Amino acid sequence: MARYIFITGGVVSSLGKGLMAASLGALLQARGYKVRIRKFDPYLNVDPGTMSPYQHGEVYVTDDGAETDLDLGHYERFTGVSAKQADNVTSGRVYQDIIAKERRGDYLGATVQVVPHVTDEIKNFALADQDDHDFILCEIGGTVGDIESLPFMEAIRQLRNELEPGRTLSVHVTLVPFIAAAGELKTKPTQHSVRELASLGIKPDVLLCRCEHPLPDGERAKIAQFCNVRTEAVIPALDAPSIYSVPLQYHEEGLDSEVLRGFGITDAPEPDMARWRDVTDRYFNPEGEVTIGVVGKYVGLQDAYKSLNEALVHGGLANRVKVNIQWIDAEIFEQDTPDVTAQLEPMHGILVPGGFGERGSEGKIASVRFAREHNVPFFGICLGMQLACIESARTAGHEDASSTEFGETNEPVVGIIEEWMSEEGLEKREAGGDLGGTMRLGAYDAVLAGNSHVSRIYSGAEEISERHRHRYEVNAAYRSALEQDGLIFSGMSPDGLLPEIVERPDHPWFVGVQFHPELKSKPFAPHPLFAGFVAAALRQSRLV
Ligand code: GLN
């Protein structure tokens, strides 16, 4: 039976709890344990699918088609364990399920209440689908004391009581701020936060103290004394030079041994950290650098492109180079006197990422054109692929080529797809229907054309599976027109109807994909498309 680790945060938000959970998962895994990491999100949205990337960062999509919190991306990148719908729940989803049951009469007339109905639902979520895991880590979003998180805290309190002794552990992540004027680290916020948690009936077993300066032994002992934990269970978590250093650093500080000790496990094998040493070695000792221009819409907030950012870094790790990412707002190419060349000439590669809506699309098309005409490596992802097709169609004489996403057009090179086959059977969508959860979501196969550039990139594979999140498709009716212009459809859905990959054989590296390869890249297993794109950018950097 799985053991449970509950991870809560205190003092302030943005302490990097997600990364901490991912790192602890990676450490336990490196000791040979089977782990799974889950996220409880206290907000009322049913899932993050309809939330603005500006506010909430990217939506991470799983193989089974769930639109989830971006922390699931950290978990998957650090453990390699493919995240599932069952790994992310929000208050909105919990209430949606409860209200549906209430309407069906499932509660047989009982008064439906936060305790026990909401808390039971949360506990069921935590306990579901344990398989043969050794550890299930549950991260609770938000900060202790938030009104929204109270039912989650109550559910944890109950679970800690109900599961056999020794099967649960509470890790609390806090901040130990440095007050420059006094030249001191302050432990009081941590004390208050632990008290707040204790008032909810949860006594932490391990404290992970985020700090900018090393935590002296005296302060560590003081926190231990006031917070009712062993001194060794107060783990200093100094700011790390890179996220890839975090698992190694937390191991040095004793996090995994202390967690195991909390479960009474003292004879666990030492973790095999070879893959993390290799990743950090590659990261900190690059043998060159490349600059990639990412022409997008949400460039002000890097969390909006979290996985993309990571996958580009992974592409750099694969080639032992540093990847400098230049975030470029597509709209600057739509001004009266756009200077595309001045902006894009210094780039060794140009990437147009996924996105929604018309804003910035002409600017993105201008950057596709620049990449095509100047033989600069180009990578178009999802909307980026769709725009690459529109750009080609326009050069091939279809001047009005556009996407129906941007309004009515008589040249719908990109249009809405209303029916498609998924594992569950025929899926349907209506043009004016709900926005949430109605896209083509999750893993779908693509068949690769033999002897194509992408089949070489995927080491000769004939069929691949990648994750999707889109409502529109490139219109296969334009295939022959585009192929005559040199844009080859080198990947199609198995039924041959939906274009999945396009490429230009007459260009050094020009690939557009309808899916999101960035979601499956890992630091220790960089995605081949990103490894290939960065390799092409490296060749480009040697030309200029
Ligand atoms: N907006 C486009 C669509 O819905 C592309 C989506 C994306 O890039 N994720 O098809």
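Each ligand, and each atom within it, is numbered from 1 in the order the structure gives. This one's a predicted model, so the numbers in the text were calculated from it and none came from an experiment. Hydrogens, waters and symmetry mates are skipped; everything else that's a heavy atom, side chains included, is used.
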Hits for side chain to side chain contact (heavy atoms under 4.5 Å, CB included) against Ala481, two or more places apart or cross-chain, chain-then-number order -> His398

Within the protein, flag every N or O under 3.5 Å from an N or O of ligand 1, and note the pair and distance.
residue, atom, partner, partner atom, Å
ligand 1, 1 (N), Gly355, O, 2.9
ligand 1, 1 (N), Glu405, OE1, 2.7
ligand 1, 1 (N), Glu405, OE2, 3.0
ligand 1, 4 (O), Arg471, N, 2.9
ligand 1, 8 (O), Gly355, N, 2.9
ligand 1, 8 (O), Gly355, O, 3.4
ligand 1, 8 (O), Leu383, N, 3.0
ligand 1, 9 (N), Arg469, O, 2.9
ligand 1, 9 (N), His516, NE2, 3.1
ligand 1, 10 (O), Gln386, NE2, 3.1
ligand 1, 10 (O), Arg471, N, 3.2
ligand 1, 10 (O), Tyr472, N, 2.8
ligand 1, 10 (O), Tyr472, O, 3.3

What residues form a side-chain hydrogen bond (donor to acceptor under 3.5 Å, both in side chains) with Ser91, not counting sequence neighbours? none

To the nearest 0.5 Å, tell me how far Tyr472 OH sits from Leu383 CG. 11.0 Å

Arg359: partners by salt bridge (charged side-chain N to carboxylate O under 4.0 Å, His left out), with sequence neighbours left out: Glu331

Mind telling me whether Trp327 and Tyr305 have parallel, tilted or perpendicular rings, with 30° and 60° as the class edges? parallel

State plainly whether the residues Lys297 and Asp329 are in salt-bridge range, i.e. N to O under 4.0 Å. no

